[in-house]
Asks: 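Please read through the structure below; I'll follow up with questions.
Quick caveat: nothing in here was measured; it's all calculated off a predicted structure. Chain letters run A, B, ... following the sequence lines, proteins first, then strands; residues in each count from 1. Heavy-atom basis, side chains included; hydrogens, waters and symmetry copies ignored.
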Amino acid sequence: MSGFQSPRGLRDLLEPLASAHGWATDRAWAAADAAGYARIELPIAEESALFERAVGGTSDIVSKELYRLEPRGDDAVTLALRPEATAGAVRAYIQHGMRSQPQPVRLATVAQLFRYDRPQKGRYRQFTQFDIEAIGDGGPGIDLEVIELGAAYLRELGLTDVQVHLNSVGCATCRPAYVETLRAHFTPVSQELSEVDQSRLATNPLRLLDSKEPAAVKRAASAPVITDHLCADCAAHHAVVASGLATIGVTVLAAPRLVRGLDYYTRTAWEYLLPGEQGQQGALGGGGRYDGLVELLGGTPTPGIGFAIGIDRVVLALEARGLLPIAASGPAIVVAGIEPESVAERVAIAAQLRAAGASARADVSTRKIGKQIEGAVRDGALAVIIVEPDGRLTLRDLVKASQAEPAERGGVIAAALRLVQNEG
RNA sequence: GUGGCCAUCGUUCAAUGGUUAGGACCGUGGUUUGUGGAGCCGCAGAUGAGGGUUCAAUUCCCUCUGGCCACCCCA
């Protein structure tokens, strides 16, 4: 009795979500095109080692969340389904010698990603991200361009209250000193911290800033903020970005506790957030500058910056706000028929209408004509063409509820096309 | 990976340790020998899976599967 069902965390997208998903994806490509970002389609799997290198020693990510594929045949390497797009994009940048192109190289993709996570609403094992990367420019100007591009994309979808939470995570020069300052701040209360937070204190004190544990939250409130501890270069960079975004008109909130877990991240870090959403569902995406990543993956030292916006979350937010685009409606014209034998004729007429640019389908059933018309109405059709027993056609206007006299085929088809042009 | 809540037709809600698990929506057919979403009358359709307790389980218990929530993680 029990049949197959989609595996955990992997879902079917049915209407109207399927159309919304496609729409948000189309708009993402269009936004990238308009800004001069080159489209790049990356493989859905890479060497597992690429992702492992990118996330370094962060054991949870590698051991828990990567979908590895067993090597087979002559392949010696283990592949993994991509959990992110950036690593692949940077790999492509290096592999194809894009450093010899004008810098920065602007890349855009919409990618299906896979992470073995415990699923929740807005958090799936297969998900889609709109990904933008600009590689080869270390200045703050490109930061402004990239941040604005993502914010504008979300705004144009209708999420007009999107906020950008902005921070700088410093660089190899200033961050280590700040981390020690942070460690010194939390150490006096280390006995009060949870077990998880105590290990964070030892290995990654930055993560204490976004801990959920009450003791850590309390102490974090008085913690020194990184923006007060940036080196001169980082501070200057951050100042340009922060003031520039205000000028551009992006809603910016300083988020001095916004952190990144990986060492290759530098300077600018931000997230796109929607206020008022439940849980993490308001977190639509985020971005960061990764001046250390190209080198980490084997290229010459090259700065880079990018963002990823979760299409699934975007669609959820649109749905929650009643902003889903109208799902693709049924065909404008339905070709019905009196006699069952007219099916081929109906299909042929529908094809002719489509070839002329209209949306049309034949009613291929043997139902009585009344049911066929009812079906057309429920599909949202504007007109029905009825194939009469004598081969002539009758055009019925479903909007005006009026019907013409039966006539010859050519004239009726032309009239139907005019009708849907005027009313559609 | 940890903890918790949940699981009944396609959808959304009922009910019950004991005949045929009920309604609404959707679907389908009739009403209407050939013309509109209504009304009326039919039809189809479910206790997620597997064990256990019991004379009897959809109901109680366990496991699995899946959804959701918090945590972990969030590249």
Side-chain angles (χ1 to χ4, degrees), chain A residues 1-12 14 46 50-66 80 82-90 111 113-125 127 129 131 194-197 199-200 204 207 210-213 258-265 269 271 278-281 283 285-288 290 293 296-297 306-308 310 313 334 336-339 363 365-389 394-403 406:
Chain A
M1 181 60 220
S2 160
F4 292 111
Q5 59 182 333
S6 62
R8 172 171 244 192
L10 309 181
R11 60 193 184 131
D12 301 310
L14 307 180
E46 299 268 1
L50 172 70
F51 302 121
E52 290 165 22
R53 176 86 64 84
V55 297
T58 313
S59 56
D60 256 14
I61 292 176
V62 170
S63 65
K64 229 172 69 177
E65 300 184 10
L66 207 53
R82 57 184 176 186
E84 56 156 334
T86 303
V90 168
L113 308 179
F114 300 85
R115 296 181 190 174
Y116 187 82
D117 250 351
R118 194 81 168 260
Q120 287 177 214
K121 196 173 187 67
R123 178 176 182 168
Y124 310 104
R125 290 181 172 178
F127 56 102
Q129 285 188 344
D131 193 82
S194 68
E195 202 171 318
V196 172
D197 283 336
S199 76
R200 284 174 172 142
N204 197 353
R207 281 291 172 199
D210 56 10
S211 170
K212 312 291 192 303
E213 304 282 350
L258 173 61
V259 297
R260 290 280 120 99
L262 303 176
D263 285 342
Y264 61 74
Y265 279 107
E271 289 181 357
Q278 291 295 311
Q280 286 300 300
Q281 291 166 41
Y290 47 83
L293 183 58
L296 181 66
L297 296 182
F307 70 69
R313 293 264 177 93
V334 172
I338 306 295
E339 307 285 352
D363 189 314
S365 75
T366 56
R367 295 183 295 181
K368 288 189 294 192
I369 189 64
K371 290 292 179 185
Q372 294 185 41
I373 292 174
E374 184 178 320
V377 170
R378 297 170 81 128
D379 266 7
L382 301 173
V384 172
I385 290 175
I386 300 161
V387 180
E388 301 290 344
T394 302
L395 176 62
R396 182 172 181 82
D397 182 331
L398 294 177
V399 178
K400 295 177 183 159
S402 63
Q403 186 166 318

Asks: Protein-nucleotides 1-4 of chain B N/O pairs closer than 3.5 Å?
Replies:
from	atom 1	to	atom 2	distance (Å)
B/U2	O4	A/R118	NH1	2.7

Asks: Taking B/C41 as the reference, what is the distance to B/G48 when you measure between their P atoms (whole Å, please)?
Replies: 31 Å

Asks: Once salt bridge (Lys or Arg N to Asp or Glu O under 4.0 Å) is applied, do any residues pair with A/K212, and if so which ones, sequence neighbours excluded?
Replies: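 Salt bridge (Lys or Arg N to Asp or Glu O under 4.0 Å) check on A/K212 returns nothing, list empty.
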
Asks: Have a look at A/L398 and tell me which of A/D379, A/L382, A/V377 forms a side-chain contact (heavy atoms from CB on, under 4.5 Å) with it.
Replies: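 Exactly one option meets the side-chain contact (heavy atoms from CB on, under 4.5 Å) with A/L398, and it is A/V377.
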
Asks: Can you list everything that forms a salt bridge (Lys or Arg N to Asp or Glu O under 4.0 Å) with A/R123? Sequence neighbours excluded, please.
Replies: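 Once residues adjacent in sequence are excluded, the partners of A/R123 under the salt bridge (Lys or Arg N to Asp or Glu O under 4.0 Å) criterion are A/D117.
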
Asks: Does A/Q403 make a side-chain donor-acceptor contact with the base of B/G36, cut-off 3.5 Å?
Replies: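 No.
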
Asks: Atom pairs under 3.5 Å, N or O on each side, protein against nucleotides 25-30 of chain B: can you list them with distances?
Replies:
from	atom 1	to	atom 2	distance (Å)
B/G27	OP1	A/R378	NE	3.4
B/G27	OP1	A/R378	NH2	3.1
B/G27	OP2	A/R378	NH2	2.5

Asks: Check the interface with nucleotides 63-67 of chain B: list each N/O to N/O pair with the protein under 3.5 Å, or write none.
Replies:
from	atom 1	to	atom 2	distance (Å)
B/U65	O2'	A/Q5	NE2	2.8
B/G66	OP1	A/R8	N	3.4
B/G67	OP1	A/G9	N	2.8
B/G67	OP2	A/R8	NE	3.1

Asks: Residues in ring pair (Phe, Tyr, Trp, His ring centres under 6.0 Å) with A/F307, at least two apart?
Replies: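 Listed in chain order: A/F130, A/Y272.
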
Asks: Less than 4.0 angstrom between a side-chain N/O of A/Q281 and OP1 or OP2 of B/C68, yes or no?
Replies: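 Looking at the OP1 and OP2 atoms of B/C68, neither is under 4.0 Å from any side-chain N or O of A/Q281.
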
Asks: Can you name the residues that form a salt bridge (Lys or Arg N to Asp or Glu O under 4.0 Å) with A/E213, not counting sequence neighbours?
Replies: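 By the salt bridge (Lys or Arg N to Asp or Glu O under 4.0 Å) rule, A/E213 matches no residue at all.
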
Asks: Pull out every stem in RNA chain B, meaning runs of 3 or more consecutive Watson-Crick or G-U wobble pairs with both distances under 3.5 Å.
Replies: B:1-7 with B:65-71, B:10-13 with B:22-25, B:27-31 with B:39-43, B:48-52 with B:60-64

Asks: I'd like to check the salt bridge (Lys or Arg N to Asp or Glu O under 4.0 Å) partners of A/D197; sequence neighbours left out, ordered by chain and number.
Replies: A/R200

Asks: Within 45 degrees of the axis of the six-membered ring of A/F114 and under 6.0 Å from its centre: does A/R125 put its NZ or CZ there?
Replies: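 No, cation not above the ring by the 6.0 Å, 45° rule.
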
Asks: According to side-chain contact (heavy atoms from CB on, under 4.5 Å), who are the partners of A/L66, at least two apart in sequence or on a separate chain?
Replies: A/S48, A/F51, A/E52, A/R68, A/A80, A/P83

Asks: Who passes side-chain contact (heavy atoms from CB on, under 4.5 Å) against A/R118, sequence neighbours left out?
Replies: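 Applying side-chain contact (heavy atoms from CB on, under 4.5 Å) to A/R118 gives A/R8.
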
Asks: Tell me every residue that passes side-chain hydrogen bond (donor to acceptor under 3.5 Å, both in side chains) with A/E84, counting only those two or more places apart in sequence or in another chain.
Replies: none

